[in-house]
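Here's the structure, in structure tokens; my notes come after.
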2 protein chains.
Amino acid sequence: MEMPTGRSSMSPEDALRTAEDRFVAVWGQMAGAWGISRTMAEVHALLYITGKDLCTDDIMERLQISRGNASMSTRALVDWGILSRVNKRGDRKEYFQAEQDVWAMFRAIVRERMNREVDPLLASLHEIRDMTNIETSGAKPTGELREQIAGQKERIDAMLEFFVTLEKLGARFVSPSGKGLQLAASLLSKMPDFGALTSRDESSRERSSR
Amino acid sequence: MEMPTGRSSMSPEDALRTAEDRFVAVWGQMAGAWGISRTMAEVHALLYITGKDLCTDDIMERLQISRGNASMSTRALVDWGILSRVNKRGDRKEYFQAEQDVWAMFRAIVRERMNREVDPLLASLHEIRDMTNIETSGAKPTGELREQIAGQKERIDAMLEFFVTLEKLGARFVSPSGKGLQLAASLLSKMPDFGALTSRDESSRERSSR
DNA sequence: CCTCGTTTTCAGAATATTTTGAAAACAAAG
DNA sequence: CTTTGTTTTCAAAATATTCTGAAAACGAGG
């Protein structure tokens, strides 16, 4: 099968199409990072990169996936708030359209992950933290055990503090004034790092020997 | 089988142990969010919450997993830089110890995910962006096609901008002066949000009808 | 260069997730 | 109320990931 690589000479049409395909593939690989399935990511990628409104059949054909899969993926993406449904006059089909503002898109993703992951985690951590409180009120542990319990509380508190901070930052990013934080992030990222030498290739930290 | 819930009266020993188990379970559920396997997360959770140095056999016994699994999980966690190996005099076994500084731990995670996910993505996006440049130099597309190509470039650029910002923020967070950013984050998250009304329960955004 | 306690490896088994496709549900139009 | 084009559902199949366990490798002593 002939598979354009993007390297050799190619018509502009093919180059465009190949670039789309590569984008879809690359974005699909990031699926794990967003906590969604490969296909979901690909569907989103396709709609984002083409910038067009596509219907279920378009998506099925272009990505070679089943109708059921296409239906479930689009549904989930609409729930995430990064795709919207579009209806066309004189056409009973349903079209989909990707959020085109990248920052709005990531705000939606952050919002969703906060709700799904951070909030429940915070609730559980609080609950766990209290487990060694209430029961203890009767019996007063001493020595080793007392230390253990105190240590556990400290560790959970440290983690709670981290996630509470994260939660608040996330809430800000997601909130209407989130654009402010976006700006802050842009500025912050542009400023030079005045810390110790920002030596590149810290990545060569090697596997510790045993 | 008797399974302590943490609700009814319980000895402090049991409460401590049960709290540990719950923490391990909860942290294990977050595995997906960190892009690691459930067991890896559980191993890390166990070492973190107990605060003790544990050897492979301890881990196997406590989490009921195989030796191979324990070995692979600890190895991977050491590679991530959130566990360290510890050797004890007069004991040939190898012990493991979790990073106890929560912020240091998350810096390690961010560093790793930047390297594994963001950096390759940036490289790919640049490559894709150039695909419609080079080939085009020969043939000059016009009209519809020209628009399409321009649009694609804009969309990729928008995404690039986002990830470049993210990359820079990440680099700062990870760098030696990362503690500065940590402080900034803490402060930022504590300040009130002066944006539009921060109405809670935006989560009830409902499934759009068709 | 053996032994012994330990860790690592990795093919195959077990599990979990994702995808399919056909049937059911829907809803617009006649 | 029926037809028709469309979307949704979900059990079963396909695929991907994770885990096991036994064998191999390792390495500190002897």
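Every chain is numbered from 1 and lettered A, B, ... according to where its sequence line falls, protein lines coming before strand lines.
Going from atom CE of B:M72 over to atom C1' of C:dT6 covers 17 Å, rounded to whole Å. Atom pair A:Q64:CD and C:dT19:P shows a separation of 14 Å (rounding to whole Å applied). In this structure, B:N69 places its CG atom 16 Å from P of C:dA14, rounding to the nearest Å. What separates CD of A:Q29 from P of D:dA16 is a distance of 13 Å, to the nearest Å. Between the CZ atom of A:R75 and the P atom of C:dA25 there is a distance of 16 Å, given to the nearest Å. One atom, CD1 of A:I59, and another, C1' of D:dT6, lie 14 Å apart when rounded to the nearest Å. Distance, A:E94 CD to C:dC26 P: 15 Å, rounded to whole Å. For the pair B:M40 CE and C:dA16 P, the interatomic distance rounds to 19 Å; values are reported in whole Å.
Comparing B:S73 and A:K93 along DNA chain D, the residue whose closest nucleotide (by nearest heavy atom) sits nearer the 5' end is A:K93. Taking the nucleotide of DNA chain D with the nearest heavy atom to each of A:F96 and A:R38, the more 5' of the two is matched to A:F96. Along DNA chain C, the nucleotide closest to A:I36 and the one closest to A:G68 are compared, and the more 5′ of them pairs with A:I36.
Ring-plane geometry between B:F106 and A:F162 is classed as parallel, the angle between the planes falling under 30 degrees on a 0 to 90 degree scale with a further cut at 60.
In terms of phosphate contacts, B:R92 brings no side-chain nitrogen or oxygen within less than 4.0 Å of OP1 or OP2 of C:dT7. When the side-chain nitrogen and oxygen atoms of A:T56 are compared with OP1 and OP2 of D:dT6, none of them lie within a distance under 4.0 Å.
The base of D:dG21 does not come close enough to the side chain of B:R67 for any donor and acceptor atom to sit less than 3.5 Å apart.
Taking the side chain as every heavy atom from C-beta outward, B:M105 and B:W80 never approach each other to under 4.5 Å. Using a 4.5 Å cut-off on side-chain heavy atoms (C-beta onward), B:K93 and B:K88 make no contact.
Counting all heavy atoms, side chain and backbone alike, A:R85 lies closest to A:F96 at NH1-CE2, 3.9 Å.
When distances are taken from the side chain of A:S66 to each of D:dT8, C:dG21, C:dT9, the shortest belongs to C:dG21. Here the nucleotide nearest the side chain of A:R85, chosen from D:dT6, C:dT19, D:dT8, is D:dT8.
Using a 4.0 Å heavy-atom criterion, one finds that A:S37 contacts the sugar-phosphate atoms exclusively.
Remark: side-chain polar atoms of B:S175 are paired, donor with acceptor, to backbone N or O of B:R172 under 3.5 angstrom.
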